[in-house]
Amino acid sequence: MGHEIEDIEGGEVAAERLAKGVPLRDALAVADPRAWLALDAGVREVDWYRYRPGHLPGPRWEHAAPLPADPASLDEPRLALALCHRDGRMRERALRRAAAHPGLLPLVVIRAADWAEPVRGRARGLLGPLLDADTAVALAPLILLVGRRERGAAAVGLLEEVLRTVPRERLAPLLGHADRTVRRFSHRLAIEAALLSPAELARTAAHDEDAVVQTLCGEAALGAAAANGQGPDGHSPDEDVLALLLGARSPRVRAIGVTALRRAGRPDRAEGFLADRSALVRACARYVVRQHGTDPLPWYRRRCTEADDPALPPGAAIGLAECGERADAALLWPLLAHPSPGVRARAVAGLRTLDVTDVPRLLPLLDDPAPGVVREATEALLPSARSLDEERLAAGLAADRPRHVRVASFRLLEACGGLVRLRAAVALLEDPDDRLRSWAGQSVQGWHPTG
């Protein structure tokens, strides 16, 4: 909400400059789609009702001349104001002059989603002929932003129609655009038109930060590779494509690559992902291994038996719990002393997954130096919070204890309810950590005798 207010205020400032004849490029950031939307909103946000129709109101506008009923004589800055005018008739008349001013094309885009049908119709009629390869690429971010509005689909349709015909190099700025909506839109078009190779799609899936683009390009990369007949059987994805997907940081992309190993007939490679840090990837790896007739459970048991192996991956511990049985908890308990914090944390999470809790064995983990281990131990102990030693937990609230220990102690004491919760919250009202103090204050305020 705060950003919206700032945008409108920025739009009012831009409108004030335009009213004084300042050129568009000096009045607002013309390359920023939101600046145009802010201008449109800012012009109408001004207190118009006190003033005669056509006049620009308010003390900031005292040096501005009134807008004439017929905008034919307006220069570009004031024509921009007319295109944002509260009166739909003014906006519609201003559109008749807009085609002669390429710099105002962003406002034509906005008017193409106008709530007034005559304005909307005229703007769309103008926009179609004015959109070419250059203007479509330049205006795509604004068109897609306006496209979220109720009447914005028409402009998006025009944009699609133009961009489907542009060569790949013209689409490149949109494929690498900072706005994820633009990247999603342009990649869909590029995939439909087969403009990107499987390797290019796989690289995008592996490196893009947006989950939608990752999934879109990852799946398209495999589909394109298979369609090209690459791979040992003519249907398996190319090895380079698989390598890019399997090495991606994103769990979604790795999962796509791992799942593709089934079709590629490579369960041996899937086995290497049974202990992946992502639950999704581990599940996909187990699926591939099982599809080729191998039970992954013995692999997990074998790895977790090696409790003294410093290279034991944390995913092996939680993976065992995900497909094992309660008896497998016997393999997880020794891992609570493993030198790797990740293994210790995943072992506790695995015990919780198997619904196995031994309070005396888990309680010492509340003092573990690794926050992740303490977090998992706290989750495991929460159902037993009322049975824990209040004094021992209260000692964990001391200001000289690590923050993650204080947080864990407070969570458990708060779960006890009643006066135990109140005393713990009061003890933290002077805590050096801002968030903990705030949390404690809220707990005190929300406390009641039966809490």
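All values reported here derive from a predicted model rather than from experimental measurement. We number each residue from 1, following the sequence as shown.
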Among Arg91, Arg44, Arg86, the one residue meeting salt bridge (charged side-chain N to carboxylate O under 4.0 Å, His left out) with Asp114: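 Answer after filtering Arg91, Arg44, Arg86: Arg91.
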Judged by atom type as modelled, is there a donor-acceptor pair below 3.5 Å linking the side chain of [X] to the main-chain atoms of [Y]?
X	Y	value
Arg346	Gly315	no
Tyr300	Leu274	yes
Thr165	Val162	yes
Arg17	Val22	no

Pairs meeting criterion side-chain hydrogen bond (donor to acceptor under 3.5 Å, both in side chains) with involvement of residues 147-158, two or more places apart: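 For residues 147-158: Arg148-Thr181.
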Qualifying side-chain hydrogen bond (donor to acceptor under 3.5 Å, both in side chains) pairs with a residue from residues 315-327, counting only residues at least two apart or across chains: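 Passing the test, one end in residues 315-327: Arg282-Glu322, Arg286-Glu322.
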Between [atom1] on residue [X] and [atom2] on residue [Y], distance to nearest 0.5 Å:
X	Y	atom1	atom2	value
Leu195	His187	CG	NE2	10.5 Å
Arg401	Arg406	CZ	CZ	10.0 Å
Leu397	Asp431	CG	CG	8.5 Å
Leu412	Glu390	CG	CD	12.0 Å
Leu242	Ile256	CG	CD1	11.5 Å
Leu127	Ile110	CG	CD1	11.5 Å

Could [X] and [Y] be called an ion pair, given the rule that one side-chain N must be under 4.0 Å from one carboxylate O?
X	Y	value
Arg164	Glu160	yes
Arg266	Asp268	yes
Glu239	Arg269	yes

Less than 4.5 Å apart, side chain to side chain, heavy atoms only: is that true for [X] and [Y]?
X	Y	value
Arg386	Val420	no
Asp328	Leu297	yes
Ser438	Gln442	yes
Phe185	Leu159	yes

With a cut-off of 6.0 Å (strictly less than), are more than 12 heavy atoms of other residues, nucleotides or ligands near [atom1] of [X]?
X	atom1	answer
Glu391	CD	no
Arg252	CZ	no
Glu192	CD	yes

Step-by-step side chain to side chain contact (heavy atoms under 4.5 Å, CB included) determination, Trp299 to Thr294: CA-CA 10 Å; Trp299 184 93; Thr294 302; over 6 Å; no
Intermediate values then yes/no, side-chain hydrogen bond (donor to acceptor under 3.5 Å, both in side chains), Ser443 and Arg421: CA-CA 8 Å; Ser443 186; Arg421 167 187 163 185; 3.1 Å; yes
Set of residues satisfying side chain to side chain contact (heavy atoms under 4.5 Å, CB included) with respect to Asp434, sequence neighbours excluded: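 Expected list: Arg437.
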Under the side chain to side chain contact (heavy atoms under 4.5 Å, CB included) test, residues paired with Ala31 that sit two or more places apart: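 Here no residue qualifies.
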Trp115 six-ring centre to Arg120 NZ/CZ under 6.0 Å and within 45° of normal: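 Judged by the rule (NZ or CZ under 6.0 Å from the ring centre, within 45° of its axis), Arg120 is not positioned above Trp115.
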Residues in side chain to side chain donor-acceptor pair (under 3.5 Å) contact with Arg124, at least two apart in sequence or another chain: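 Scan of Arg124 (side chain to side chain donor-acceptor pair (under 3.5 Å), adjacent residues dropped) gives none.
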Which residues share a ring-ring contact (aromatic ring centres under 6.0 Å, His included) with Phe410, sequence neighbours left out: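 In terms of ring-ring contact (aromatic ring centres under 6.0 Å, His included), with neighbours along the sequence ignored, Phe410 is linked to Trp439.
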